Amino acid sequence: MTAPLLDVRGIGVRFGGLKALDDVSFQVAPAQVMGLVGPNGSGKSTMLNVLSGVYVPDDGEVAFNGERIDGRKPNRIAQAGLGRTFQNLQIFQGLSILENVLTGAHHRQRGGVLPTVFGLPGARAAERAARDEAAALLVRVGLGGREDDPPSTLSYGQRRLLEVARALATRPRILMLDEPCAGLSHGEADQLAALVREMATGGMSVIVIEHNMRFVMGLVDRMVVLNFGRKIAEGTPREIRDNADVVAAYLGKQRHAHG
Amino acid sequence: MAAPPSNAPPAMRSPWWLAAALVPFLAAPLVISGNYHYGVAHQALIYVVLATGYNILLGFTGMVSLGHVALFAIGAYTSAILQTSLDWPFLACLIAAAVVTGAFGTAIAIPALRIKGHYLTLLTLALGEVIRLLIRNFDWLTHGSSGIGGISRPTIFGVPFRTAPDLYWLLLFIAAAGVLFAWRLERSRFGRAFKAIRDSEIGAEVIGIDTNRMKVLSFAISAVYAGIAGSLYAHTLRFVSPEFFSLGLTITLLAMILIGGRGLILGPVIGATMLTIAPEALRFAKEYYLIGFGLVIWLSTLYLPDGLAGSLGRLVARLRPARQGRAS
């Protein structure tokens, strides 16, 4: 394995007496698609909140590209190159669809208030470049032509794709998707899977939290399985499928439910 | 036709709306005359500046500060003191008022970063009252409750704006510039960041927006507007006293935004103009005016959730033949 881009070491998070995460470690390589799976309440979302700086872990550390990032503020982590989406969407309803994506470019745009408001050439060129890039991202997630509409005109699944485009606008090196398939049709989910593959081919790492096993198994290079806040397995989708602990904790239940 | 979306359509973003809104102000001198009418018009324009700045904080960034009138007072007193004690020219007073008030606004913003929602509102309410009490008690600087009189009307590079119509045109120019600035700001990365914070603070943070910095910026910009409005007030009314900058004015300012339409550029323009003219026009109703005022605020929150400006935008969007609103 090449040097890890993300190195998660012994992360622990406690909410009162409850251990939401307990000594969880894993690594993500460049251009790798990593699945983070587990039953409800297993700590997947908590982990994502630690990685994106929303929570500060009680134990352990997170290194991104060789630098510790745990404890940094979320905006600094985003600027360093970790982008994310939310399970419960955080769309900016008062902005147009294009403007939502443009907010992802905010931290890269230079120029103070006065040069921007007075439309000085530098600020104007930066704005135009950001708009072009944002429009191209909308096309990439399949929302081309909807730039000026309000987000309320999008379906639930399309709003997820809008959040993906907005996260991509920050130009992340690792994109973290929290339950990206919830609310998506089969067609939309396949489209998203293709997009994730394309991004990984382009060198981006992706961490996917997902319940939809069909989606995860066919998409990811490696998986980390959490249960009650602990890592119970790690490996390729094939290895995970054959892991007795995982079958008992997670897949077993599903199989049972299906059969 | 389907129910309109909960957010006002971007219909009002066209610069033509700004131009259309300017027309009645350009035409007003044709119908008004006399110092009394001009006095009301002057005040309306000053409140357009104040409310436009307040809207950047309240409407764009979503932070409810009830201390904004104190910033208005600081601007007015800065200008009044510099002019009457040191004989500074108008333009210097105006710039100083903007700078001093901007600095105060930034100072208020820093504690505001740690608290949110109702607590922020209460804190700013308290800070506003403290500033008003300080103004009343610093007799040596502010002449206490007797106020400062004898402030002269503006003169810019030797050009006097002493007569009511001349002053009207000067105030209109500054108000229009203030609205245009806010319009440009709204469409910039800063305006987007402010609204992102309003709509989802966590969403804004994880895409790299420094929310603390943007909140301070929003406070500072709206404070600069308040400082300019305060300076204009001092040089227009030629008298300032602490009683004027009361809690009642805070409520009126809030109503200007809510009735006009918060978060929309024309909202505070419509709200400030209406709520300045209405009490004068309804003077015969005496105290009953306040009952009507309360009812209007109550009804507008029920039936005009995005204010008069938002409803106007929707009405126009609805009257227009149903264009498939896609940019092709």
Side-chain angles (χ1 to χ4, degrees), chain A residues 48-49 52-54 73-86 89-96 98-119 123 126-127 130 145-153 163 166-167 169-172 176, chain B residues 2-11 13-14 56 59-62 102 177-178 180-214 217-218 220-221 224 262-264 306 310 324-328:
Chain A
L48 206 58
N49 282 333
S52 57
V54 177
K73 291 188 57 187
N75 63 302
R76 300 292 305 277
I77 290 177
Q79 287 167 24
L82 270 92
R84 72 166 289 181
T85 64
F86 288 89
L89 295 168
Q90 300 290 337
I91 296 287
F92 308 133
Q93 296 291 347
L95 295 177
S96 75
L98 183 74
E99 286 175 325
N100 262 279
V101 181
L102 275 170
T103 55
H106 174 88
H107 68 87
R108 272 185 283 112
Q109 284 180 277
R110 292 284 158 255
V113 173
L114 296 182
T116 305
V117 170
F118 292 123
E127 178 77 3
R146 303 294 300 271
E147 288 81 359
D148 296 328
D149 297 344
S152 54
T153 60
E163 257 201 11
R166 187 178 74 188
T170 67
R171 294 192 192 156
M176 302 185 283
Chain B
S6 61
N7 289 284
R13 294 190 176 186
S14 142
I56 290 169
F60 291 179
T61 319
L180 190 64
F181 188 96
W183 183 73
R184 295 275 309 173
L185 183 72
E186 185 194 16
R187 299 159 59 90
S188 75
R189 69 187 180 103
F190 299 103
R192 294 192 293 263
F194 293 163
K195 289 184 181 176
I197 291 170
R198 175 194 68 188
D199 291 349
S200 166
E201 191 161 344
I202 184 122
E205 278 179 15
V206 304
I207 54 168
I209 293 173
D210 187 341
T211 52
N212 280 352
R213 211 173 137 177
M214 287 299 124
L217 183 68
S218 178
I221 295 173
V224 168
R262 71 166 152 169
L264 298 167
D306 47 13
Q324 289 307 314
R326 305 282 144 78
S328 50

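Convention: sequence-line order gives letters A, B, ...; per-chain numbering from 1. The model shown is predicted, which means the values in this text are computed figures rather than measured ones.
Heavy atoms closer than 4.5 Å to chain B are found in the side chain of A:L114, but not in its backbone. In this structure, the portions of A:T103 lying under 4.5 Å from any heavy atom of chain B include both its backbone and its side chain. Both the backbone and the side chain of A:V117 come within less than 4.5 Å of a heavy atom of chain B. With a 4.5 angstrom heavy-atom cutoff, A:Q109 touches chain B via backbone and side-chain atoms both. Neither the backbone nor the side chain of B:L180 comes within less than 4.5 Å of any heavy atom in chain A. Interface residue B:L217: only side-chain heavy atoms are found under 4.5 Å from chain A.
Highest contact tally toward chain B, considering only A:G111, A:A169, A:G119, A:A105, is held by A:G111 [criterion: heavy-atom pairs under 4.5 Å]. Among B:G203, B:G191, B:G208, the residue with the largest count of heavy-atom pairs under 4.5 Å with chain A is B:G208.
Between A:V113 and B:F181, the closest side-chain pair of non-hydrogen atoms falls below 4.5 Å.
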How far apart are the C-alpha atoms of A:V54 and A:R84, what are their side-chain angles, what is the distance that settles it, and do they pass the side chain to side chain contact (heavy atoms under 4.5 Å, CB included) test?
CA-CA 11 Å; A:V54 177; A:R84 72 166 289 181; 4.0 Å; yes
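Here the side chain of A:R146 pairs a donor or acceptor atom with the backbone of A:T153 at under 3.5 angstrom.
The cationic group of B:R198 does not satisfy the cation-pi geometry with B:F194, failing either the under 6.0 Å distance to the six-membered ring centre or the 45° limit from the ring axis.
Screening B:R192, B:R187, B:R189, B:R184 against A:E127 for a salt bridge (charged side-chain N to carboxylate O under 4.0 Å, His left out) leaves a single residue, B:R192.
For A:R76, the CZ atom counts as loosely surrounded, since its 6.0 Å shell holds 12 or fewer non-hydrogen atoms of other residues, nucleotides or ligands.
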